[in-house]
Amino acid sequence: MTTPRKERTGVLLSRAAALIVVVTVVGLLPWLSGRDPALSVLRARSAEQEPTEEALRAVREQLGLESGPVTLLGDWLGAVVRGDLGRSWVSGGEVLPSVLSGLGVSLALMGAALFLALVLACALCARTLIRGARGTLDTSGGGGTGAPAAALAALPEFLIATLLMVALSVWLGWFPPYGWQEPRHLVLPALALGIPAGGLLGRLAEDALPAVFAERWVELWRSSGCTPGRIGRAALRRALPAVLPQLGLVAVGLTGGAVAVETVFAVPGIGRTALGAAESQDLPLLQGSVLALVLLGLLAGLIAQTARRWMLGPGLRDASLSLPARRPARAGRLRVAVPVACAVLLVVVIGWGLLLDPLYVDTAARLGAPGGAHPLGTDALGRDVLARVGHGAATTVGIAVLVCLGSYLLAMIVGFLPALASGASETANAVPPVIAGILVAAVLGPGSLGASIAVALVSWPALAAHAAALVQETRAAGHLTAQRAIGSPPRWILLHHLLPAVAGPVARHAVLRLPGIALALASLGFLGLGAQPPAPEWGLTLSESLPYVERAPWAVLTPAAMLLLLAMLAVSLSTLPAPAAGRGPIARVRARALRPERSTAR
């Protein structure tokens, strides 16, 4: 049996492995991409200079490229230990001041975003907390549905940033749309990062609180005359350790989302610095920026784990905090109608758009308003927005289906190896999707293939962890022990018990993650790391229309609305109640296994 100390050691080692893998991949990027690093640096320094052999040789000698990637990586790692990140290949300046300057901006932005996230999380779970403290919460069905919090958590940061810019900067003029000169420039980027993070934390807290209020000590305290305020504070402290580990994931989300948000609002943070360095193949600056981003996420996760252990106290420090299982609530008509309505609206818009030509250019109707000829208007080139949205579904959603299928198959394979699933999941979770997109795009070049691989690399860990947990639970079941005792072959047990118990639940989990994968692909397309023009991909379409948001907001709002519908579909599916206990797939498998006719080996 694995001890908690060994588990913590394994987590630390896996996070260290993640850092080593990322730094190594970044160090080998120019050679992994198959492109001449000297040529990339020469073009970044001066696009007009002729790339003669003499000029390229001079660049190689200056940067030490002739010594090879391994030697160059070793020299860089040795310099990092001494606190030297080297010099930029493009500007020639020191990398460390640039990284520290960008990191300072990102830390200020992430600090404000985390503060707003905590405030929003408190507001989302306040109703459940107050009702539970007063004794009016129905803990038998699990309290609230968590739908508002889940809706906010499902929204991608770049989409919120775009909507905030359109509403609060373009239409109302309350805040500046770009720059980083005064405190007002902090508001919109912090909101874009803090809203989904607050939704995630609020949903987790709202899910944990009803189980806490169902515990016996709450009724004992209430009968002893304790005030609702004291009961509420104690219940919140009881539920927080179960939520705190997710702060590390929130920090990773803030780290990855900051790249898109900093790009939208032209914030000179570390994420935008990393993206620019990747585009110019400025290896030292990219290495320093990615190192800072990954360290930031790992440090936040470590702080969250330390805070959890402190809140549990010495007596429970080595124990896991488990809360009672909540009984599934019944699905009302509204909760079933929402996903149906979202799906129907998506199908209608996409089907209508597929009847039109997404590449036809009408120069006389550039940035045209919605009308009879163009129901949703036109973009900056005069292309029909409805047509591009319809055909973009094949790129955005179609590729997401393939990525989801690949992640499911990989999770099913890795899930039957629990030790590998734990370490590999930790390693993959340490890298935000945008950072993975930057690294893969630097190797394969920007495009749909690179974006698909990047999203797939960070999509399978949650499915693999789910599969590994189901495998361990099923293997430990009493009916399987009986099957082994009577001589059932391992292959028969695998095919008739393990796979049926694992494949169904993990498949449903994968389907719920499909809209999130599509949104991740759209975010990479928005940053220019995914599909390239003239492809009608949703994220790319939104990015191309963003510079013209003041003149033609409909060109931005249409793909944003489609992504919002997709997020709502994901939320409505995720908040549907799970099958009741005793009627799930594992229970059915166990019931079939215990029937008399199944009790003999075949």
Side-chain angles (χ1 to χ4, degrees), residues 105-106 108-110 112-117 120 151-199 253-273 275-276 367 369-370 376-380 385 388-389 392 434 519-520 522-530 537-568:
V105 173
S106 294
L109 175 58
M110 292 171 66
L114 189 58
F115 172 77
L116 291 174
L120 179 58
L152 296 178
L155 296 176
E157 291 85 355
F158 80 94
L159 177 58
I160 299 178
T162 303
L163 296 177
L164 288 176
M165 178 183 289
V166 172
L168 302 184
S169 292
V170 177
W171 290 348
L172 300 178
W174 290 354
F175 299 100
Y178 307 108
W180 189 259
Q181 288 81 35
E182 53 181 331
R184 289 204 312 155
H185 288 92
L186 178 65
V187 176
L188 294 185
L191 284 173
L193 287 173
I195 287 175
L254 288 177
T255 302
V259 180
V261 172
E262 288 172 3
T263 302
V264 172
F265 294 107
V267 175
I270 191 67
R272 191 176 174 215
T273 301
L275 185 61
L367 300 177
L376 296 179
T378 59
D379 62 8
V385 173
R388 295 188 64 76
V389 165
V434 174
L519 293 174
S523 67
L524 293 180
F526 175 81
L527 292 172
L529 302 174
E537 194 268 338
W538 288 351
L540 178 61
T541 300
L542 197 155
S543 177
E544 290 176 336
S545 301
L546 192 60
Y548 310 97
V549 62
E550 297 185 13
R551 296 178 55 190
W554 51 84
V556 174
L557 292 179
T558 299
M562 298 300 291
L563 291 169
L564 188 60
L565 278 174
L566 200 59
M568 290 176 61

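The analysis underlying the following values was restricted to heavy atoms, covering all of them including side chains, and did not include hydrogens, waters or symmetry mates.
- Using a 4.5 Å cut-off on side-chain heavy atoms (C-beta onward), L193 and L109 make contact.
- Closest of all the heavy-atom pairs between P559 and A555 is CD-O, 3.1 Å.
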I would like to know whether L164 and I160 meet side chain to side chain contact (heavy atoms under 4.5 Å, CB included); could you show each step before the answer?
CA-CA 6 Å; L164 288 176; I160 299 178; 3.8 Å; yes
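- A380 and Y548 make their closest contact through CB-CE1, 3.3 Å (heavy atoms, listed as atom of the first residue, atom of the second, distance).
- With contacts defined as side-chain heavy-atom distances shorter than 4.5 Å, the pair L557/T162 does not qualify.
- A heavy-atom distance below 4.5 Å is found between the side chains of V264 and M165.
- Counting heavy atoms from C-beta on, the side chains of V170 and P177 never come closer than 4.5 Å.
- Considering only heavy atoms from C-beta on, V267 comes within 4.5 Å of V105 through its side chain.
- E537 contributes a side-chain N or O that, together with a main-chain N or O of G539, makes up a donor-acceptor pair within less than 3.5 Å.
- Between L186 and A112, the closest heavy-atom pair is CD2-CB, 3.9 Å.
- Between the CG atom of L367 and the CZ atom of R551 there is a distance of 5.0 Å, given to the nearest 0.5 Å.
- Distance check: I270 CD1 to L275 CG gives 12.0 Å after rounding to the nearest 0.5 Å.
- Without hydrogens or angle criteria, S106 side chain to G269 main chain gives no donor-acceptor distance under 3.5 Å.
- One N or O on the side chain of E262 and one on the backbone of G271 form a donor-acceptor pair closer than 3.5 Å.
- L540 contributes atom CG, which lies 7.0 Å from atom CZ of R388 (distance to the nearest 0.5 angstrom).
- Put simply, the side chain of L168 reaches to within 4.5 Å of the side chain of L188, judged on heavy atoms.
- Listed by first and then second residue, the ring-ring contact (aromatic ring centres under 6.0 Å, His included) pairs that reach into residues 156-191 are F158-F526, sequence neighbours excluded.
- Counting heavy atoms from C-beta on, the side chains of V187 and L191 come closer than 4.5 Å.
- Distance check: L529 CG to S543 OG gives 10.0 Å after rounding to the nearest 0.5 Å.
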